Amino acid sequence: MGRSGRTAVIDALPDLREKLKLDFVVVNAENAASGFGTTSKIAGQVIQAGADVLTGGNHTFDQKELLSVIDNDVRILRPVNYPDPTPGRGYAVYDAPRGKKVLVINAMGRVFMNPMDCPFKAVDKVLAKYRLGATVHAVIVDFHGEATSEKMAMGHYLDGRASLVVGTHSHVPTADAQILPGGTAYQTDAGMCGDYNSVIGMDKTEPISRFLTKINRERFSPAGGEATVCGTFVETDDRTGLAKRVEPLRLGPRLIESLPIVE
């Protein structure tokens with residue numbers, strides 16, 4: 001979320017990859033450029049720091065220069081249920097260490113969001129081409145949505161067919177990281193990487209003013225204080241691709257820190 005958030009991610013990723021022995025890292029970067037979208041330069045910086053894939057959401061195309069690169073860079077995804085012929089792709093299969101294949105799907109909810117194609121049917125269409133534990137060794141679904149109910153429904157809908165279903169968009173980490181009955185890891189929202197002395201990452205003054213007066217006085221601008229890095233840590237079974245372990249990750253000020261221990 002903004003400069004402070006992306007700087008925190010770029011600074012933390014190399015050490016986190018080593019300390020947590022991370023094989024694969026997905027970063028939702030849709031708020032990286034001043035809180036609205038991302039740019040090819042920022043995307044390159046985050047990937048160079050250690051991200052394997054960048055996902056998006058309702059702000060994916062706020063920075064129009066991304067239109068010139070998203071078709072050609074498989075490491076940048078946008079929600080799979082954008083209507084045709086939206087540029088870019090909503091999923092791809094990536095190489096991971098030891099010959100493993102990881103399918104990443106980016107989807108976006110419809111409740112309290114922009115009108116979109118059905119995310120459930122869109123994800124089904126992708127999963128009809130791949131099978132967890134057979135053609136791919138892990139399936140990660142970033143479900144970008146406002147409503148907790150819709151995100152929970154997607155988690156249960158994909159239980160047993162994905163390694164991880166994790167929500168993004170609300171900018172607040174939820175306390176419900178769990179392994180569902182069918183073996184899929186789930187968290188309603190991973191939380192933002194940004195300054196939590198804010199209103200969901202934005203400098204507090206304008207959001208509070210709008211709630212009080214219903215007048216838009218200025219553009220929202222990202223809070224610039226020290227950022228907390230938030231995410232979801234998952235360990236999968238090499239044979240089935242299902243989750244063996246899931247824990248929240250929080251590193252930085254203001255929130256209670258939570259860093260998985262990896263022997």
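The figures that follow rest on heavy atoms only: side chains count, while hydrogens, waters and symmetry mates do not. The model shown is predicted, which means the values in this text are computed figures rather than measured ones.
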Worksheet entry | Side chains of D176 and T188, donor plus acceptor under 3.5 Å | yes
Item to complete: Check whether any side-chain heavy atom of I70 lies under 4.5 Å from a side-chain heavy atom of F61, and answer yes or no.
Response: yes
Worksheet item: Are more than 12 heavy atoms from other residues, nucleotides or ligands located less than 6.0 Å from atom CD of E65?
Response: yes
Practice prompt. Might you point out which heavy atoms bring S209 and R217 nearest each other, and give the distance in Å?
Written response: OG-NE, 3.2 Å
Fill in: Distance (rounded to the nearest 0.5 Å) between L242 CG and R161 CZ
12.5 Å
Discussion item. Looking at every non-hydrogen atom in both residues, tell me the closest pair between N31 and H59 and how far apart they are.
Written reply: ND2-CD2, 3.5 Å
Worksheet item: Is there a path of hydrophobic side-chain contacts, each under 4.5 Å between heavy atoms of I, L, V, M, F, W or Y residues, that connects V25 with L164?
Response: no
Worksheet item: Any chance NZ of K100 has more than 12 other-residue heavy atoms, nucleotides or ligands included, within less than 6.0 Å?
Response: yes
Worksheet item: Which atom names give the shortest non-hydrogen contact between T184 and G160, and what distance separates them?
Response: OG1-N, 2.8 Å
Discussion item. With heavy-atom distances below 4.5 Å as the criterion, would you say the side chains of F24 and V104 are in contact?
Written reply: yes
Worksheet item: Are Y186 and D159 close enough that a side-chain donor and a side-chain acceptor fall under 3.5 Å?
Response: no
Practice prompt. Check R210 against N216 and note the closest heavy-atom contact, atom names and distance.
Written response: CD-OD1, 3.3 Å
Worksheet entry | Contact summary for A190 and P173, nearest pair of heavy atoms | O-CB, 3.7 Å
Worksheet item: Is there a path of hydrophobic side-chain contacts, each under 4.5 Å between heavy atoms of I, L, V, M, F, W or Y residues, that connects L103 with M154?
Response: yes
Worksheet item: When H144 is tested against each of T168, N106, T60 for side-chain hydrogen bond (donor to acceptor under 3.5 Å, both in side chains), which residue passes?
Response: T168
Item to complete: Find the distance between CZ (R89) and CG (N72) and round it off to the nearest 0.5 Å.
Response: 7.5 Å
Discussion item. Quick one about K204 and N197 (side-chain donor to acceptor, distance below 3.5 Å, no hydrogens or angles considered), yes or no?
Written reply: yes
Worksheet item: Are D195 and M1 side-chain neighbours, meaning at least one heavy-atom pair lies under 4.5 Å?
Response: no
Worksheet, complete the sentence: Interatomic distance, CG@L249 vs OG1@T232, rounded to 0.5 Å, equals 8.5 Å
Worksheet item: Pick from M113, E146, M116: which one makes a side-chain contact (heavy atoms from CB on, under 4.5 Å) with N58?
Response: M113
Practice prompt. Tell me, yes or no, whether the heavy-atom count around R245 atom CZ, taken from other residues, nucleotides or ligands under 6.0 Å, exceeds 12.
Written response: yes
Discussion item. If I compare all heavy atoms of V46 with all of L13, which pair ends up nearest, and what's the gap?
Written reply: O-CD1, 4.1 Å
Fill in: Between S258 and E247, a side-chain donor and acceptor under 3.5 Å
no
Fill in: S170-D189 side chain donor-acceptor pair, cut-off 3.5 Å
yes
Discussion item. To the closest 0.5 Å, what do you measure between OG1 (T174) and CE (M152)?
Written reply: 7.5 Å
Worksheet item: Same cluster for V74 and I140 if Ile/Leu/Val/Met/Phe/Trp/Tyr side chains link at under 4.5 Å?
Response: yes
Item to complete: Report yes if the side chains of C118 and N81 come closer than 4.5 Å at any heavy-atom pair, otherwise no.
Response: no
Worksheet item: Between R17, R98, K101, which is the residue that forms a salt bridge (Lys or Arg N to Asp or Glu O under 4.0 Å) with D23?
Response: R98
Fill in: side-chain contact (heavy atoms from CB on, under 4.5 Å), paired with V141, selected from L127, V166, L158
L158
